[in-house]
Amino acid sequence: MNQAINCHGVKAEERAATVRVIASPSSWIEGDAVRQLEQTAALPGMRAAIGMPDLHPGKGTPIGAAFLCAGHVHPHLIGNDIGCGMALWRTDLPERRIRRKLDRWAELVGALDDPWGGDVGGLLAARGLARSDHDAGLGTIGGGNHFAELQAIESVNDEAALADLGVARGRLLLLVHSGSRGLGESILRDHIDRYAGAGLPEDGDAAARYLARHDHAVAWAKVNRELCARRFGEAIGAELEPVIDVCHNCVAAAPDGSGCLLHRKGAAPSTEGPVVIPGSRGTLSYLFLPDPARADAGWSLAHGAGRKWRRSGARDRLRRRYRPSDLETTALGGRVVCGDRDLLYEEAPEAYKKIDAVVGDLVDAGLGRVIATLRPVLTFKTARRR
DNA sequence: ATGTAC
């Protein structure tokens with residue numbers, strides 16, 4: 001048992017499932033989120049429900065958690081955005097070009113609002129994927145907390161680990177946060193229509209059908225992030241090379257061969273090498289090297305800063321404090337392209353917890369170390385005025 | 001989160 005792990009008052013006795021929140025006592029975790037974690041721990045087959053330091057309330061199930069489950073698949077734990085994750089690309093753009101090019105880049109990236117004009121079927125076939133009814137969304141970022149962001153390396157803690165990734169100081173990086181768009185949504189909706197959102201016995205046909213569709217959506221989401229990055233690069237005239245792609249909303253066999261299913265809902269994997277843990281558009285993001293052997297943490301990490309305020313609360317508070325134009329530049333000098341006013345407020349830096357505290361909790365729990373920090377340069381959400 | 005529900 002790791003001493004750094006604190007359970008925030010969760011009573012673990014007389015419960016089959018372990019409930020744990022990985023956060024220091026000084027890190028604030030919303031009570032509703034912990035209650036949701038406890039409720040999910042009572043689901044059929046549940047062995048462990050582990051909250052990450054970015055844990056916050058979701059629609060019934062909390063976001064920022066890993067769930068180990070024996071004999072059951074729980075589609076509603078994964079949610080509608082099956083396969084959502086983070087992709088990091090390196091670009092050939094020198095950091096010194098920011099000053100001269102930022103205005104132009106901010107205009108050009110609006111092209112990503114339009115559907116991709118390329119050969120969707122051909123791209124999916126080349127990636128070994130079948131067609132679906134939702135392929136028109138391929139190459140679009142979507143809404144909510146999704147974004148594509150140019151970043152500069154701010155500080156480096158581990159030069160060797162950075163070099164292993166092929167990443168060099170002085171060149172900009174591109175981080176894409178997106179998922180399976182309408183495809184994952186349709187898979188969850190179908191599950192809810194048929195089974196009222198209930199867990200599925202793992203050996204049954206329903207689970208097999210869900211898992212097959214889930215795996216398709218996970219692969220589709222990865223291709224989507226790739227296409228979003230390539231379109232972004234094309235729009236601003238950058239060459240791109242892939243660095244990292246990880247999924248934080250998905251279910252797979254637990255890596256210890258126990259036969260348990262590891263559900264991740266807003267939890268990054270610790271078993272696939274370095275990950276990016278993004279802050280908000282107004283704070284640094286962290287390139288993080290996980291310890292891969294932490295079963296007690298559900299082989300998982302925080303997937304971001306985590307919301308501090310609900311969307312409606314963020315709108316209400318921040319509309320009184322800021323004009324929209326105030327939010328189109330950030331404290332770190334970054335530019336924000338978000339024509340959707342509500343979204344501009346909902347995703348403001350103040351709506352998120354402090355990323356340095358979240359990453360600090362991961363480090364204190366011994367879950368890994370920081371390779372480098374990344375500074376936002378240009379955050380694209382949508383250029384469409386709403 | 002959603003080519004978004006009412």
Side-chain angles (χ1 to χ4, degrees), chain A residues 32-33 36 40 54-65 74-87 110-118 120-121 124 131-148 176-193 197 210 213-214 216-218 220-225 227-228 231 246-251 263-268 278 280-281 303-307 309-315 338-347 351-352 380-386:
Chain A
D32 282 350
Q36 287 183 342
T40 56
D54 59 336
L55 187 75
H56 59 283
K59 230 162 72 179
T61 69
I63 299 159
H74 290 284
H76 83 272
L77 290 183
I78 307 305
N80 63 318
D81 197 5
I82 300 164
C84 186
M86 296 282 172
L112 271 79
D113 283 328
D114 299 325
W116 184 47
V120 173
L124 290 171
R131 298 295 309 252
S132 77
D133 294 338
H134 300 272
D135 293 343
L138 196 73
T140 59
I141 286 166
N145 57 1
H146 290 173
F147 61 81
V176 174
H177 177 202
S178 189
S180 56
R181 310 289 281 105
L183 178 59
E185 165 76 15
S186 75
I187 295 167
L188 181 66
R189 197 182 335 107
D190 192 46
H191 166 71
I192 291 169
D193 289 348
Y210 171 78
R213 299 181 76 189
H214 161 280
H216 176 238
V218 168
W220 194 102
K222 183 178 160 76
V223 177
N224 186 41
R225 287 187 288 275
L227 184 54
C228 286
R231 295 184 72 198
V246 296
C247 171
H248 54 228
N249 289 350
C250 52
V251 56
H263 301 67
R264 289 191 178 98
K265 172 61 171 178
S280 70
R281 66 197 185 201
H303 79 313
R307 290 200 80 83
W309 295 338
R310 287 170 171 77
R311 291 184 178 280
S312 56
R315 284 197 309 266
C338 184
D340 181 333
R341 281 194 175 207
D342 285 344
L343 196 54
L344 193 60
Y345 289 107
E346 290 167 11
E347 294 291 320
Y352 283 88
F380 175 72
K381 304 284 286 181
T382 176
R384 288 203 180 121
R385 298 274 160 201
R386 247 182 246 169

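Naming convention: chains lettered A, B, ... in sequence-line order (proteins, then strands); numbering from 1 in each chain. Predicted model, so just to flag it, every value in this text is computed and none were measured. Only this structure's heavy atoms are used, side chains among them; waters, hydrogens and symmetry mates stay out.
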Using a cut-off of 4.0 Å on non-hydrogen atoms, how would the nucleic acid contact of [X] be classed: base, sugar-phosphate, or nothing?
| X | answer |
| --- | --- |
| A/G143 | sugar-phosphate |
| A/R189 | nothing |
| A/H146 | sugar-phosphate |
| A/G58 | nothing |
| A/G137 | nothing |
| A/D133 | base |

Nearest-Å distance, [atom1] ([X]) to [atom2] ([N])?
| X | N | atom1 | atom2 | value |
| --- | --- | --- | --- | --- |
| A/D81 | B/dG3 | CG | P | 9 Å |
| A/N224 | B/dT2 | CG | P | 10 Å |
| A/D193 | B/dT2 | CG | C1' | 14 Å |
| A/R181 | B/dG3 | CZ | P | 5 Å |
| A/D342 | B/dT4 | CG | C1' | 14 Å |
| A/I192 | B/dT2 | CD1 | C1' | 12 Å |
| A/K59 | B/dT4 | NZ | P | 14 Å |
| A/R384 | B/dT4 | CZ | C1' | 15 Å |

Residues that A/E185 engages under salt bridge (charged side-chain N to carboxylate O under 4.0 Å, His left out), provided they are two or more places apart: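 So A/E185 forms a salt bridge (charged side-chain N to carboxylate O under 4.0 Å, His left out) with A/R189.
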
Can you name the salt bridge (charged side-chain N to carboxylate O under 4.0 Å, His left out) partners of A/D114, sequence neighbours left out?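 Partners of A/D114 under the salt bridge (charged side-chain N to carboxylate O under 4.0 Å, His left out) test: A/R384.
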
Determine the interplanar angle of the A/H74 and A/H76 rings, folded into 0 to 90°, and report it as parallel if under 30°, tilted if 30 to 60°, perpendicular if over 60°.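 The rings of A/H74 and A/H76 stand perpendicular, inter-plane angle above 60°.
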
Go through the steps for A/S178 and A/N224 under the test side chain to side chain donor-acceptor pair (under 3.5 Å), then give the verdict. CA-CA 7 Å; A/S178 189; A/N224 186 41; 3.2 Å; yes

Exactly one of A/R231, A/H146, A/R181 should register a side chain to side chain donor-acceptor pair (under 3.5 Å) with A/T140. Which one does?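 Going through A/R231, A/H146, A/R181 one by one, the side chain to side chain donor-acceptor pair (under 3.5 Å) with A/T140 is satisfied by A/R181 alone.
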
